[in-house]
J.: 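I am attaching a structure below and will ask some questions about it afterwards.
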There are 2 protein chains.
Amino acid sequence: MPKQTFLNLKSSKKSLITEAFLREFSVKTFDDASLSDVVKNIGIAKGSVYQYFDDKLDLFFYLVQESTMVKMKYVGSVKREDHPDYWTFFKVLYEHGLQFDRESPLQSHFLHNLVNNLHSPSVAQWYRDMEKQIVTAFEGMAKMEIDLGCFRDDIPLDVMGFMLYKVGAAIQNQLEYSGIIESAISIQKNEPVFAGKEEIVMDLVDKHIQLVRPAFDK
Amino acid sequence: MPKQTFLNLKSSKKSLITEAFLREFSVKTFDDASLSDVVKNIGIAKGSVYQYFDDKLDLFFYLVQESTMVKMKYVGSVKREDHPDYWTFFKVLYEHGLQFDRESPLQSHFLHNLVNNLHSPSVAQWYRDMEKQIVTAFEGMAKMEIDLGCFRDDIPLDVMGFMLYKVGAAIQNQLEYSGIIESAISIQKNEPVFAGKEEIVMDLVDKHIQLVRPAFDK
DNA sequence: TGGCTTAGTGACTGGGTGGTCATATATTTG
DNA sequence: CAAATATATGACCACCCAGTCACTAAGCCA
């Protein structure tokens with residue numbers, strides 16, 4: 001958690017710092033991100049960072065928490081019960097994600113890049129815990145769909161939940177793989193992750209759903 | 001490529017070195033792997049490494065190449081045309097992979113861990129190229145299945161190929177995620193990646209296939 | 001034996017890092 | 001105004017790394 005000193009800062013300086021570090025962590029691995037570079041760029045002393053945060057990890061977690069909170073404002077309101085099936089629910093979730101991306105591009109970039117920090121030893125354990133939460137959430141959704149009679153019930157729940165998680169991630173992967181989105185470039189241009197690619201993205205989402213549905217639906 | 005000096009070494013020393021570095025790169029990221037540590041452990045001078053290889057990357061690529069060649073001896077003989085459908089073909093491929101793992105555990109660990117090097121800046125570009133090759137191979141297989149009338153033809157080929165790649169990888173992911181395999185531990189105990197877990201693994205392969213088939217089959 | 005080629009060595013270089021701390025500067029309080 | 005408190009600073013520390021190089025040792029051949 002940031003120290004009181006940081007919270008006391010006037011908000012323009014707070015966001016100067018926050019945004020600079022969001023940028024750095026969006027482009028580099030946790031271990032590769034360089035505090036020295038960032039403070040040089042924004043013209044504050046390295047010591048200041050340590051008046052605001054305990055250490056690099058503390059700073060990183062603060063950014064995770066803030067970005068997640070912002071994203072939640074967008075996707076938190078999307079409820080399964082307002083949609084006829086999991087897949088339209090999923091699609092709407094994605095649409096709200098795009099809105100988040102448009103309106104909070106830095107946070108979006110940061111969260112988008114989180115997965116790249118997977119194997120930075122310093123955050124590996126933490127990442128495992130976070131992944132566990134996500135997978136558990138997907139398992140819960142799968143369970144609900146099975147109970148509703150929407151998903152098939154002949155596959156172990158953990159297998160189904162895990163695959164649901166992976167096919168969700170696969171869309172993001174393919175977008176990056178195929179070069180449709182190039183987060184490293186778009187962040188330099190101060191653009192959202194999906195800038196101008198919204199239709200292509202939603203189109204790919206449709207294709208993925210169309211492909212994958214028969215594996216899950218009853 | 002290793003220098004002549006390395007190739008001239010008597011094979012016991014060659015494998016001492018090879019195996020020590022396979023171990024190191026199996027447990028750490030490319031950037032985190034420490035030549036200094038390894039040479040200390042096996043009792044040779046750091047300078048020697050640079051008489052054998054141009055640099056760290058050269059050494060790494062040598063290990064990739066060697067390990068891949070060994071694995072190919074196992075899986076190279078498995079042909080699609082000897083099996084009734086993609087899924088039994090895939091399963092047999094996996095079985096041969098398990099044999100490779102049993103008989104060449106160090107190479108297996110190394111290749112297993114390759115994906116963790118994904119975002120080490122020093123190898124990121126190379127990894128992209130490798131991934132491109134793999135995805136292309138999966139696309140080719142998808143195309144073949146469509147032409148054979150086995151896979152559905154209403155999904156763009158690239159989407160299908162990419163998903164085929166991802167669901168293949170998902171098995172490995174889930175094995176690691178669920179703690180069924182713990183490569184970091186098994187390598188310390190000098191055990192293969194899948195030691196004693198063969199039935200569980202093949203069982204999970206079956207479950208994945210059962211789940212995912214309806215998405216691809218016509 | 002001596003001479004030549006190949007292999008092996010480890011102190012050292014240059015560079016980067018996260019984190020510290022004594023000191024200086026603002027800002028608030030009385 | 002002065003005193004006290006909260007911020008800001010940047011030189012500095014300890015650490016670790018890949019890679020170099022002048023030098024030593026070993027093996028081989030005549």
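For the numbers below, each heavy atom of this structure counts, side chains included, while hydrogens, waters and symmetry mates do not. All chains are named by letter (A, B, ...) in the order of the sequence lines, taking the proteins before the strands, and each is independently numbered beginning at 1.
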J.: Suppose the criterion is salt bridge (charged side-chain N to carboxylate O under 4.0 Å, His left out): which pairs have a residue in residues 93-105 of chain A, not counting sequence neighbours?
T.: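 Non-adjacent pairs meeting salt bridge (charged side-chain N to carboxylate O under 4.0 Å, His left out): A:R102-A:E198.
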J.: Quick one: salt bridge (Lys or Arg N to Asp or Glu O under 4.0 Å) partners of B:K132, sequence neighbours excluded?
T.: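 Partners of B:K132 by the salt bridge (Lys or Arg N to Asp or Glu O under 4.0 Å) criterion come out as none, since no residue qualifies.
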J.: Provide, to the nearest angstrom, the distance between the CG atom belonging to A:D58 and the P atom belonging to C:dG18.
T.: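 So the two atoms are 15 Å apart, to the nearest Å.
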J.: Any residue in residues 14-32 of chain A with a heavy atom nearer than 4.0 angstrom to DNA chain D? Just list them by number, or reply none.
T.: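 None - not one residue of the stretch has a heavy atom sitting under 4.0 Å from the strand.
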J.: Could you state the NZ-P distance from B:K40 to D:dA18, rounded to the nearest angstrom?
T.: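 Taking NZ of B:K40 and P of D:dA18, I get 11 Å after rounding.
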J.: Any N/O pairs under 3.5 Å between the protein and nucleotides 24-30 of chain C? List them or say none.
T.:
none

J.: With salt bridge (charged side-chain N to carboxylate O under 4.0 Å, His left out) as the rule and sequence neighbours excluded, what pairs involving residues 52-80 of chain A come up?
T.: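 Listed once each, the pairs are A:R80-A:E145.
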J.: Give the table of side-chain donor-acceptor pairs shorter than 3.5 Å for residues 161-172 of chain B, with sequence neighbours excluded, one pair per line with atom names and distance.
T.:
residue, atom, partner, partner atom, Å
B:Y165, OH, B:E131, OE2, 2.8
B:K166, NZ, A:N173, OD1, 3.1
B:Q172, OE1, B:Y94, OH, 2.9

J.: Name each donor-acceptor pair under 3.5 Å that joins a side chain in residues 16-26 of chain A to protein atoms two or more places apart or in another chain, with its distance.
T.:
residue, atom, partner, partner atom, Å
A:T18, OG1, A:K14, O, 2.7
A:R23, NH2, A:N190, OD1, 2.1
A:E24, OE2, A:K28, NZ, 2.8
A:E24, OE2, A:S34, N, 2.9
A:S26, OG, A:L22, O, 2.6
A:S26, OG, A:F110, N, 3.2

J.: Among residues at least two apart in sequence or on other chains, which ones pass ring pair (Phe, Tyr, Trp, His ring centres under 6.0 Å) with B:Y127?
T.: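 For B:Y127, no residue satisfies ring pair (Phe, Tyr, Trp, His ring centres under 6.0 Å) once neighbours in sequence are set aside.
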J.: I'd like to check the salt bridge (Lys or Arg N to Asp or Glu O under 4.0 Å) partners of A:K143; sequence neighbours left out, ordered by chain and number.
T.: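 Partners of A:K143 under the salt bridge (Lys or Arg N to Asp or Glu O under 4.0 Å) test: A:D147.
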J.: Please enumerate all protein N or O atoms sitting under 3.5 Å from an N or O of nucleotides 4-7 of chain C, with distances to 0.1 Å.
T.:
residue, atom, partner, partner atom, Å
C:dA7, OP1, B:N8, ND2, 3.3
C:dA7, OP2, B:T5, OG1, 3.4

J.: Which atoms of nucleotides 10-13 of chain C (N or O only) lie under 3.5 Å from a protein N or O atom, and what are those distances?
T.:
none

J.: Decide yes or no on side chain to side chain contact (heavy atoms under 4.5 Å, CB included) for B:F90 and B:H83, but give the supporting numbers first.
T.: CA-CA 9 Å; B:F90 182 80; B:H83 303 90; over 6 Å; no
J.: Rounded to whole Å, please give me the gap between CD1 in B:I42 and P in C:dT9.
T.: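 Atom-to-atom, B:I42 to C:dT9, this comes out as 10 Å.
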J.: Rounding to a whole Å, what distance do you find between A:K56:NZ and C:dG19:P?
T.: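 After rounding, the reported distance stands at 8 Å.
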J.: Check ring pair (Phe, Tyr, Trp, His ring centres under 6.0 Å) between A:F6 and all other residues, then give those that pass, not counting sequence neighbours.
T.: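 A:F6: ring pair (Phe, Tyr, Trp, His ring centres under 6.0 Å) contacts with A:Y52, A:F53, A:Y62.
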J.: Answer yes or no: is there a donor N or O on one side and an acceptor on the other, between the side chain of B:S178 and the main chain of B:Q174, under 3.5 Å?
T.: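 Pair found, side chain donor or acceptor close to backbone of B:Q174.
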J.: Atom OH of B:Y50 to atom P of C:dG8: distance rounded to whole Å?
T.: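 It is 16 Å, rounded to the nearest whole Å.
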J.: Any donor-acceptor pair under 3.5 Å linking the side chain of A:H96 with the backbone of A:Y74?
T.: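 Yes, because the side chain of A:H96 sits within donor-acceptor range (under 3.5 Å) of the backbone of A:Y74.
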J.: Compute whether any side-chain donor of one residue and acceptor of the other, for B:S186 and B:H109, lie under 3.5 angstrom apart.
T.: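 Per modelled atom types, B:S186 and B:H109 side chains form a pair under 3.5 Å.
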J.: Do other residues, nucleotides or ligands put more than 12 heavy atoms under 6.0 Å from the CE atom of A:M130?
T.: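 Buried by this count: over 12 neighbours within 6.0 Å.
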J.: Can you tell me if the side-chain N/O atoms of A:S36 get under 4.0 Å from OP1 or OP2 in C:dG16?
T.: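 No.
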